[in-house]
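Written out below as structure tokens is the structure these notes cover.
Labels below follow one simple rule: chain letters A, B, ... track the order of the sequence lines, proteins then strands, and each chain is numbered from 1. Note that the structure is predicted; figures quoted are calculated from it, not measured.
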Protein chains: 2
Amino acid sequence: MVSLKRRFGVSDISELTVARLSIYLRCMEELERLGVETVSSQEMAKRFHLNSAQIRKDLAYFGEFGVRGVGYNVTELKQYLIEILGLSRERRIIIVGAGNLGTALCHYSRFTGESFLVVGILDDDPGRIGESTPGGLLVEDASRLGEIVRQREGEIGVITTPAERAQQVCDQMVQAHLRAILNFAPVQLNVPKGVLLRTVDLRVHLEELSFYLAHGIPDDG
Amino acid sequence: MVSLKRRFGVSDISELTVARLSIYLRCMEELERLGVETVSSQEMAKRFHLNSAQIRKDLAYFGEFGVRGVGYNVTELKQYLIEILGLSRERRIIIVGAGNLGTALCHYSRFTGESFLVVGILDDDPGRIGESTPGGLLVEDASRLGEIVRQREGEIGVITTPAERAQQVCDQMVQAHLRAILNFAPVQLNVPKGVLLRTVDLRVHLEELSFYLAHGIPDDG
């Protein structure tokens with residue numbers, strides 16, 4: 001028995017919940033691979049080191065899943081998570097910055113299932129334009145961003161330029177109507193309302209590790 | 001007037017607080033660059049889009065900073081944040097996986113100030129061993145991990161191998177006495193107690209963007 005809510009308040013749902021949905025999806029994929037047909041929130045929590053009350057609470061935002069005393073149907077929940085996460089159609093990615101990190105990400109998208117496709121990698125260095133990447137794409141001229149986004153229906157922009165170039169590229173992505181931007185440049189960027197920006201900040205991660213190395217690692221790691 | 005607590009309960013302090021300390025440190029660096037000598041939590045909140053009550057609460061774990069009605073001395077708070085984050089001494093990083101991502105990270109550490117230094121990049125592909133990286137390091141044989149960690153006093157391990165190799169590399173890092181591990185392989189890894197593991201999961205980030213593209217982007221982005 002599944003009843004999926006067609007409408008829910010996006011702003012009621014925390015980023016952490018959304019991140020956990022992504023984790024739950026991976027759990028379902030793993031269980032499906034193992035041939036498991038149904039799983040309770042308790043079993044899921046135990047197997048994947050999650051919190052069963054949290055699982056039930058997170059899923060409750062989106063509908064009623066699972067049968068009391070039986071659990072979730074793995075394939076069904078997987079499909080619903082795909083739908084909730086907006087992964088039932090392909091999301092096209094344009095990367096600006098064709099250095100090692102940008103090039104690595106071209107390749108990385110192969111590991112993220114079939115929902116994401118890098119359709120362009122751009123740079124403004126004439127020495128890089130025309131080079132081929134491991135993913136098979138050729139590096140194109142960053143000045144063609146608007147045209148490339150339009151032609152290839154890009155939705156997600158990824159910034160892998162040096163810090164000093166990042167805000168300018170970000171502005172160009174906004175102008176090119178990319179509404180979701182993932183920034184890897186080590187700098188805080190500004191976007192207007194209606195555009196979603198996430199920064200993957202490696203310095204924050206390294207400094208967190210340093211904090212715990214200095215003060216001791218808590219038991220729950 | 002600063003009184004820094006020499007002792008505090010590490011497990012009382014959330015990961016989010018630690019991540020914010022890293023952000024506050026960057027704010028202080030930026031203010032110092034701009035020649036600002038003192039700043040209140042309100043001014044800091046306004047300028048960097050933070051929450052002033054949160055700033056005061058986060059800092060209160062570690063001591064009493066700032067003067068009522070005046071604010072924090074920028075250089076002093078910067079120094080204390082460096083000390084709290086364990087950045088007053090260099091932390092040495094060993095990367096295993098010399099593909100594009102590993103190579104990019106060699107380079108990236110240049111942007112993280114003087115506290116982190118990549119001292120080794122290892123791989124088990126004989127075709128890669130001996131290659132030079134943009135950071136100037138030569139790729140070394142992954143089977144020498146233990147010896148290299150010991151000789152170069154490595155503290156942080158970074159995993160940039162394919163998913164299927166990651167748990168094995170992680171186990172080898174634990175055995176080599178690396179106590180903090182940053183994993184970029186798209187897989188959940190297990191470590192024993194006393195070892196800190198953080199996974200930078202690009203799929204979670206991409207799926208989060210997809211969720212908001214599907215359901216609408218909240219006003220606070």
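Contacts of Asn190(A) with chain B are made by side-chain atoms alone, with heavy-atom separations under 4.5 Å and no backbone atom involved. Proximity to chain A is limited to the side chain of Val18(B), based on heavy atoms less than 4.5 angstrom apart.
Taking the charged nitrogens against the carboxylate oxygens, Arg91(B) and Glu155(B) do have a contact shorter than 4.0 Å, which makes a salt bridge. The pair Arg165(A)-Asp125(A) fails the salt-bridge criterion, with no side-chain N (NZ, NE, NH1 or NH2) lying under 4.0 Å from an Asp/Glu carboxylate O.
In terms of heavy-atom pairs under 4.5 Å with chain B, the best-connected choice from Ser210(A), Ala214(A), Gly216(A) is Ser210(A). With chain A as partner, the option from Ser88(B), Pro192(B), Ala180(B) having the largest number of non-hydrogen pairs under 4.5 angstrom is Ala180(B). When Leu85(A), Ile156(A), Val158(A), Val191(A) are compared by the number of non-hydrogen pairs under 4.5 Å with chain B, Leu85(A) comes out ahead.
With hydrogens and angles ignored, the 3.5 Å screen pairs no side-chain donor or acceptor of Ser132(B) with any backbone N or O of Gly136(B).
Residues satisfying the salt bridge (Lys or Arg N to Asp or Glu O under 4.0 Å) test with Glu208(B), not counting sequence neighbours, are Arg198(A).
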Test log, rule side chain to side chain contact (heavy atoms under 4.5 Å, CB included), inputs Lys78(B) and Leu25(B): CA-CA 6 Å; Lys78(B) 188 191 90 170; Leu25(B) 172 55; 3.6 Å; yes
